[in-house]
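Just below is one structure, and these are the notes that go with it.
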Amino acid sequence: MKKTTWYYICTFGIGYLIAKKKAKKKATEVNKELTVSEKVPFEVQKFIDAIGGKENYIENTATINSIKIKVKDVNKVNKEEIKKIGAKGIMVGQDNITCLFGDYSKKLSELINKHI
């Protein structure tokens, strides 16, 4: 083998080993921060209208990825409109509706409380 071929093999081989070690170290790092979005990608008033308006709303609680809304009458809730707005899932109970919106659920809860 020529010296230049050996040089390329050694150089790229060492570079590969270093890159592999760095990638493994990065892959094993633990993310200690939760991702919470501060921007809701739709108008809050549309969502309030979809749950039956202000007169149908009682209260809400939010987790990292869902919002649970207590309503007076679940039949007034327009589930199809909520899905169009961007809900990834909807669960309906006797007097509440839980919507999965992802990382902006908490911000949505805050905005609903400001509007109502």
Side-chain angles (χ1 to χ4, degrees):
M1 261 200 258
K2 293 183 180 181
K3 286 185 178 182
T4 56
T5 308
W6 236 161
Y7 175 75
Y8 284 124
I9 291 172
C10 290
T11 303
F12 289 115
I14 291 170
Y16 170 76
L17 292 174
I18 291 171
K20 185 176 177 182
K21 186 177 179 180
K22 285 185 178 182
K24 188 174 184 179
K25 184 178 178 183
K26 184 72 175 171
T28 58
E29 287 180 3
V30 177
N31 185 4
K32 296 179 182 171
E33 294 181 17
L34 294 173
T35 304
V36 179
S37 181
E38 291 294 319
K39 188 174 182 183
V40 178
F42 54 84
E43 292 180 31
V44 178
Q45 189 57 48
K46 281 186 177 180
F47 182 74
I48 293 171
D49 293 339
I51 61 170
K54 293 179 181 181
E55 53 279 343
N56 196 33
Y57 172 84
I58 297 175
E59 65 181 358
N60 77 64
T61 55
T63 62
I64 292 172
N65 63 355
S66 68
I67 182 168
K68 185 175 185 178
I69 301 164
K70 192 170 185 179
V71 292
K72 294 176 185 171
D73 184 8
V74 223
N75 297 321
K76 291 182 180 179
V77 176
N78 187 344
K79 293 177 269 259
E80 294 302 317
E81 186 62 30
I82 294 173
K83 285 182 184 177
K84 284 181 189 176
I85 288 173
K88 295 171 181 76
I90 300 171
M91 294 170 278
V92 180
Q94 287 181 336
D95 64 345
N96 63 52
I97 182 165
T98 303
C99 304
L100 303 175
F101 279 110
D103 61 350
Y104 55 87
S105 295
K106 286 207 179 243
K107 185 65 177 179
L108 178 60
S109 174
E110 292 172 18
L111 292 173
I112 289 172
N113 289 333
K114 284 182 184 177
H115 276 76
I116 294 178

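What's counted below: heavy atoms across the whole structure, side chains too, no hydrogens, waters or symmetry copies. Residue numbers count from 1 along this sequence.
Under the 30°/60° scheme for interplanar angles, the aromatic rings of F42 and F47 are found to be tilted.
For the side chain to side chain contact (heavy atoms under 4.5 Å, CB included) test with C99, the passing option among I67, I85, L108, V77 is I67; the others fail. Results of the side chain to side chain contact (heavy atoms under 4.5 Å, CB included) test with K54 over I112, I116, D49 single out I116 as the only residue that passes.
Cluster membership for Y57 and V92, using ILVMFWY side-chain heavy atoms within less than 4.5 angstrom, is shared.
Note on residues 86-110: pairs passing side-chain hydrogen bond (donor to acceptor under 3.5 Å, both in side chains), not counting sequence neighbours, are N60-S109.
Residues I51 and N56 come closest through the heavy atom pair O-ND2, 2.8 Å.
Within the model, atoms NZ of K25 and NZ of K21 stand 8.5 Å from one another, a figure rounded to the nearest 0.5 Å. Rounding to the nearest 0.5 Å gives a distance of 12.0 Å between OG1 of T63 and CZ of F101.
The local environment of CD in E43 is sparse, with at most 12 non-hydrogen atoms from other residues, nucleotides or ligands closer than 6.0 Å.
M91 belongs to a hydrophobic cluster with L100, counting contacts under 4.5 Å between side-chain heavy atoms of Ile, Leu, Val, Met, Phe, Trp and Tyr, direct or through other members. If you chain together ILVMFWY residues whose side-chain heavy atoms come under 4.5 Å of each other, Y16 ends up grouped with L17.
Within the 4.5 Å cutoff, no side-chain heavy atoms of K76 are placed close to those of V71.
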